[in-house]
Protein chains: 2
Amino acid sequence: MTATSKSNATKSDTNSGIALYQRIRNDIEGRILSGEWPPGHRVPFEHELMDSYSCSRMTVNKVLSGLAATGLVERRRRAGSFVSRPKVHSAVLQIPDLKAEVENRGERYGYKLLDQQKRAALRVDKVRLGVDLRTPVLALRCRHDAANEPFALEDRLLNLKAVPDALQQDFSTLPPSTWLVDHVPWTEAEHRISACNADKPLAAVLKVDEGTACLVVERRTWRNGEPITAVRLVHPGPLYDLMARFTPSS
Amino acid sequence: MTATSKSNATKSDTNSGIALYQRIRNDIEGRILSGEWPPGHRVPFEHELMDSYSCSRMTVNKVLSGLAATGLVERRRRAGSFVSRPKVHSAVLQIPDLKAEVENRGERYGYKLLDQQKRAALRVDKVRLGVDLRTPVLALRCRHDAANEPFALEDRLLNLKAVPDALQQDFSTLPPSTWLVDHVPWTEAEHRISACNADKPLAAVLKVDEGTACLVVERRTWRNGEPITAVRLVHPGPLYDLMARFTPSS
DNA sequence: GTTCTCAATTTGTCTATACATATTAGGACA
DNA sequence: TGTCCTAATATGTATAGACAAATTGAGAAC
């Protein structure tokens, strides 16, 4: 029956420029995001979609698999596909290079290396970075400025065993984050975001009053389980906003 | 030649439990994430992968399309597929329901509605939520507790034009975020994360000293451009960590 | 030397089919 | 009534082939 009803349904059958796969996907996503198909609702079976769109199963399978990959639907054998009920609000957190971020705001970016120290890992480094004691590490402290005002204090620890090239770099002019983004791939990252009151030394570096609320972003990255770097960025609170934007259709 | 070399390559040919598609994907992802194939490197052509894995083009196409969808490679007709160079550190930010989050830490969750007010949108509501003046809105203030200690102050604005059902809900027992997650789909969200010093009233509600650094998470959600809700969550700084984890293989 | 055209190459999409696998509804049987 | 088995069903994975679309390289024409 499918064969007769679809006749010679080539690709350009009722083609309005976009791929059939995309049209089906847009239709289904639209119904889900509009609320027409609420969480828990059963999406039509593959064979039903085959009939409505007069196409083969592989095409609708690609659509549904794709929606399942992005988490918009859940699929269960024998049961069907169901609009998933989102358990968490998940969002894509964009953590750009600080230089790019500052310039994106249309402000002048400044950078100053405050301290650089190569050492064998101490106990605190072991805890922070997750490397063995005495592994060579590079500790960096630097300040990022926006419009000639302190914008962030960066406190970074680099695992030289994983990234020996870091020793050849001149971090007095090149921010370590910029170099890392371009040269060191990672497979896993963890972020912690919290708030703290500026103590006296921190307040001095950031040129704010003691006790000012600051936003703290800590990031650790690994490559296949091996620690790469741990960084702590402290921003004067009122100046800084982390922004995350999410569109599920991505 | 492919036909003879692959002989009867059924699905269970050298199958070690996982799908061939997954094995190919893991192999390629591994090479990219290990740095063996740096950004800009050309991934083998589909026909080359067909030969190495003795499989059909659809199978390797699914792998490469999937990698392109997650942004790990970029594909250009006639040219091939290339490892993309990541522009920003992006991470998946999990923003769970507070109740789930507290219970996930093994602490007792408590909730108290402090104030509820239905009103026609004022000018401040217009700015915060993006609705027209005099649109009906619901303003909620509530406190979330963890282990009998204040954990977050929630200050929420709901667009009743988009979510009229909210009026039927009893938010004195059901936290609005829990109800929204289950009943109201959204298509776009924006998050701002910052730090502030607790002023006197805030310090009183959260039972901390005046001036304590607090973490502020502001979220606005839309459905197809129509504002749904704007919420501001203030957490006593030392108590709260936002956690984001990222594995590109997702 | 420059421009134009055409053919080769690679990805994009789709079809029709096949068998595997998980799950469940319902019937056989105790 | 309760339990086990079986058959039906829907998804998961894979194949071989086909044509479309974009891009590029090389040769032809000027």
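Labels below follow one simple rule: chain letters A, B, ... track the order of the sequence lines, proteins then strands, and each chain is numbered from 1.
- Between Ser81(A) and dT11(D), a side-chain N or O to OP1/OP2 separation shorter than 4.0 Å is present.
- When the nucleotides dG12(C), dT15(C), dT10(C) are ranked by their closest atom to the side chain of Phe45(B), dT10(C) comes out on top.
- An OP1 or OP2 oxygen of dT10(C) is reached within less than 4.0 angstrom by no side-chain nitrogen or oxygen of Arg75(B).
- In this structure, Glu46(A) pairs ionically with Arg75(A), as a charged nitrogen and a carboxylate oxygen lie closer than 4.0 Å.
- A salt bridge links Glu48(A) with Arg42(A): the closest approach of a Lys/Arg side-chain nitrogen to an acidic carboxylate oxygen falls below 4.0 angstrom.
- What separates CG of Leu20(A) from C1' of dT13(C) is a distance of 9 Å, to the nearest Å.
- With dT11(D), dC14(C), dA14(D) as the candidates, the nucleotide lying closest to the side chain of Met58(B) is dC14(C).
- Atom CG in Asn61(A) sits about 16 Å away from atom P in dA16(C), given to the nearest Å.
- In this structure, of dT13(D), dA16(C), dT13(C), it is dT13(D) that holds the atom nearest to the side chain of Arg57(A).
- When rounded to the nearest whole Å, the span between NE2 of His47(B) and C1' of dG17(D) equals 17 Å.
- For the pair Val43(B) and Arg77(A), nearest-nucleotide mapping onto DNA chain C gives the more 5' position to Val43(B).
- With the nearest nucleotide of DNA chain D identified for both Arg76(A) and Arg76(B), Arg76(A) has the one nearer the 5' end.
- Following rounding to the nearest Å, Tyr53(A) (OH) and dA16(C) (P) show an atom-to-atom distance of 18 Å.
- The aromatic ring centres of Phe82(A) and His41(A) sit 6.0 Å or more apart.
- Across dT10(C), dA14(D), dT15(C), the shortest atom-to-atom separation from the side chain of Thr59(B) is found for dA14(D).
- Separating the NZ atom of Lys62(B) from the P atom of dG12(C) is a distance of 16 Å, rounded to the nearest angstrom.
- Minimum atom distance to the side chain of Arg78(B) is reached by dG25(D), of the listed dC14(C), dG25(D), dA16(C).
- Between Lys112(B) and Glu154(B), no side-chain nitrogen of the basic residue sits less than 4.0 Å from a carboxylate oxygen of the acidic one, so the salt-bridge criterion is not met.
- Here the options are Arg156(A), Arg219(A), Arg220(A), the test is side chain to side chain donor-acceptor pair (under 3.5 Å), and the partner is Thr229(A); only Arg156(A) passes.
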